[in-house]
There are 2 protein chains.
Amino acid sequence: MARRGSYAKGIAKREEILTAALDVIARNGYGRASVRELADAVGLSQAGLLHYFSSKEELFAEILRKRDEVDREVLEAADADHELSMMDGFVQVMRHNADVPGLVQLYARLSAEATEADHAARPFFTERFRIFREMSVESIREGQRDGTLRADLDPEKIASLLLAAADGLQTQWLMDPSIDMGDHIEYLLASLKPPAAE
Amino acid sequence: MARRGSYAKGIAKREEILTAALDVIARNGYGRASVRELADAVGLSQAGLLHYFSSKEELFAEILRKRDEVDREVLEAADADHELSMMDGFVQVMRHNADVPGLVQLYARLSAEATEADHAARPFFTERFRIFREMSVESIREGQRDGTLRADLDPEKIASLLLAAADGLQTQWLMDPSIDMGDHIEYLLASLKPPAAE
DNA sequence: GTCTATATCGCGATAGAC
DNA sequence: GTCTATCGCGATATAGAC
């Protein structure tokens with residue numbers, strides 16, 4: 001019903017902007033990423049770009065949403081026959097993060113800014129946290145049934161701690177890249193295996 | 001040797017500024033904490049305040065340094081006979097943090113901003129992380145000797161993970177205060193006790 | 001040595017032309 | 001849909017009063 005496909009075209013333009021923004025930020029980091037900078041990358045003026053997003057805050061939340069989408073697609077493509085658990089995917093994404101410092105910084109900085117009560121990206125993060133914990137709890141329960149995780153652990157608490165560890169490690173890694181994020185998360189998971197298992 | 005005590009007076013003024021700033025930020029959060037706002041609180045102009053600090057970034061790093069100092073003093077006063085381990089103190093500070101959301105937010109936001117390569121607060125955080133890990137490793141080794149922590153754990157990795165968990169939990173708590181930071185850190189530590197112990 | 005006042009800069013937001 | 005122009009804000013550097 002969209003007249004002349006203009007609606008679909010707007011959607012496509014948004015996608016183009018988000019993809020270009022991911023590219024620019026992955027290379028240049030968050031610091032230099034002004035709306036003008038991102039607008040230049042797609043040949044728009046600052047006001048032209050903000051035509052597609054209601055504010056800078058919302059734009060950056062959408063960039064992170066797009067990034068999660070891309071990460072998920074890459075994971076699913078590499079795991080067509082669903083052999084990997086959610087936790088395996090989690091470790092793999094953490095390893096991949098070391099290749100895109102700019103995006104790690106975007107996440108670290110925006111999540112901190114979004115702790116402000118009226119920040120437009122706050123709903124994105126609260127929802128992201130909720131979903132991550134939900135999926136983690138499910139995966140932890142599975143591990144407990146399998147015997148790959150200690151049965152005495154509280155899945156909710158461990159889920160929050162895994163999320164916290166992942167986010168905290170990113171800041172530590174940005175300050176000192178000799179910290180291996182993937183190894184640390186993997187080590188934490190290994191530390192929670194039953195004494196018997198391995 | 002300081003002529004007319006003017007040097008000492010400058011030091012005293014700095015302390016006064018930092019103490020007042022801690023108070024204002026604890027109440028109002030990081031968002032509203034412009035240099036002007038903090039200057040007002042001590043009856044100075046914005047430029048007047050910046051006379052004592054080389055930049056806004058340095059000022060905020062000093063505020064956090066002062067906060068660590070205050071936290072340490074409170075801990076030591078409550079533990080005159082050195083009965084508490086470093087980990088006990090750590091949990092206690094995390095519990096106390098729930099009473100000062102503005103300071104938690106200051107820490108979360110400034111640590112994220114300081115991931116920028118040329119940020120004036122970056123040395124503060126890299127050093128703070130180093131010292132925290134160092135003290136943690138020492139405390140973890142002690143726990144392993146005591147039998148209160150599993151002997152098979154890698155102290156360095158666990159130290160980084162504890163720091164990461166603490167920092168990550170603060171962001172989660174700022175987004176959703178129903179998360180209990182102290183309980184979670186305590187739970188993580190308890191999960192790393194030997195199977196025998198308790 | 002300490003401060004007030006000011007000028008300048010870059011940013012995001014927005015109004016309105018085309 | 002995209003632009004130009006402009007606005008207001010916060011951070012800083014500096015000139016110079018006391």
Side-chain angles (χ1 to χ4, degrees), chain A residues 2-18 20-21 24-25 28-63 106 109-110 112-114 116 118-122, chain B residues 1-18 20-21 24-25 28-63 105-106 109-110 112-114 116 118-122:
Chain A
R3 286 180 303 223
R4 293 167 181 258
S6 61
Y7 181 70
K9 207 173 147 190
I11 297 281
K13 191 75 179 178
R14 270 176 69 109
E15 293 301 300
E16 183 196 335
I17 291 167
L18 295 176
V24 171
I25 297 173
N28 304 344
Y30 182 83
R32 301 264 159 221
S34 64
V35 174
R36 274 182 176 87
E37 198 70 24
L38 300 181
D40 285 350
V42 278
L44 284 179
S45 69
Q46 183 234 16
L49 194 159
L50 280 184
H51 171 72
Y52 293 94
F53 303 90
S54 50
S55 70
K56 184 208 178 180
E57 294 177 355
E58 195 224 315
L59 163 63
F60 278 86
E62 291 305 315
I63 294 172
L106 166 65
R109 293 201 53 181
L110 201 68
E113 285 170 21
E116 218 61 53
D118 59 350
H119 197 288
R122 188 170 168 136
Chain B
M1 304 318 179
R3 287 180 303 224
R4 294 167 181 257
S6 60
Y7 181 69
K9 206 173 146 189
I11 297 281
K13 191 77 181 174
R14 270 176 68 110
E15 294 300 301
E16 184 196 335
I17 290 167
L18 295 177
V24 171
I25 297 173
N28 304 343
Y30 182 84
R32 301 264 160 223
S34 66
V35 175
R36 270 184 179 85
E37 198 70 24
L38 300 181
D40 286 351
V42 279
L44 286 179
S45 68
Q46 184 228 24
L49 195 159
L50 280 183
H51 171 74
Y52 295 94
F53 303 90
S54 50
S55 69
K56 184 206 177 181
E57 293 177 355
E58 195 224 316
L59 163 63
F60 277 87
E62 291 306 314
I63 294 172
Q105 196 189 31
L106 166 65
R109 294 202 52 180
L110 200 69
E113 284 170 21
E116 218 61 53
D118 58 351
H119 197 287
R122 187 170 168 135

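Here is the naming used below: chain letters follow the sequence lines, and residue numbers restart at 1 for every chain. Hydrogens, waters and symmetry mates are skipped; everything else that's a heavy atom, side chains included, is used.
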For this session: Could you give me the CA-CA distance, side-chain angles and deciding distance for B:Glu62 and B:Glu58, then say whether side-chain contact (heavy atoms from CB on, under 4.5 Å) is met?
Result: CA-CA 6 Å; B:Glu62 291 306 314; B:Glu58 195 224 316; 3.8 Å; yes

Exercise. For B:Ser34, which contact category applies under a 4.0 Å heavy-atom criterion: base, sugar-phosphate, or nothing?
Worked result: sugar-phosphate

Exercise. With a non-hydrogen cut-off below 4.0 angstrom, is A:Gly43 in contact with a base, only sugar-phosphate, or nothing?
Worked result: sugar-phosphate

Could you give the [atom1]-to-[atom2] distance, from [X] to [N], as a whole number of Å?
X: B:Glu58; N: D:dA13; atom1: CD; atom2: P; answer: 12 Å
X: A:Arg36; N: D:dT6; atom1: CZ; atom2: P; answer: 14 Å
X: B:Leu50; N: C:dC3; atom1: CG; atom2: P; answer: 12 Å
X: B:Ile17; N: C:dT2; atom1: CD1; atom2: C1'; answer: 11 Å
X: A:Asp40; N: C:dC11; atom1: CG; atom2: P; answer: 11 Å
X: A:Leu49; N: D:dT4; atom1: CG; atom2: C1'; answer: 16 Å
X: A:Phe53; N: C:dT14; atom1: CZ; atom2: C1'; answer: 18 Å
X: B:Leu38; N: D:dA11; atom1: CG; atom2: C1'; answer: 13 Å

What nucleotide, of [options], holds the atom closest to the side chain of [X]?
X: B:Ala47; options: C:dA13, D:dT4, C:dA5; result: C:dA5
X: B:His51; options: C:dT2, C:dG12, D:dC3; result: C:dT2
X: A:Leu44; options: D:dT14, C:dC3, D:dC3; result: D:dC3
X: B:Ser45; options: C:dA13, D:dT4, C:dT4; result: C:dT4

Problem set entry | From A:Glu37 atom CD to A:Gln46 atom CD, the distance as rounded to the nearest 0.5 Å | 12.0 Å

Exercise. In Å and rounded to the nearest 0.5 Å, what is the CD to OH distance from B:Glu113 to A:Tyr30?
Worked result: 8.5 Å

Exercise. With no hydrogens and no angle check, is any side-chain donor or acceptor of B:Glu57 less than 3.5 Å from a backbone partner on B:His119?
Worked result: no

Problem set entry | A:Lys56 to A:Phe60 six-membered ring, cation-pi geometry met (6.0 Å, 45°) | yes

Exercise. OP1 or OP2 of C:dC3 sitting under 4.0 Å from any side-chain N/O of B:Tyr52?
Worked result: yes

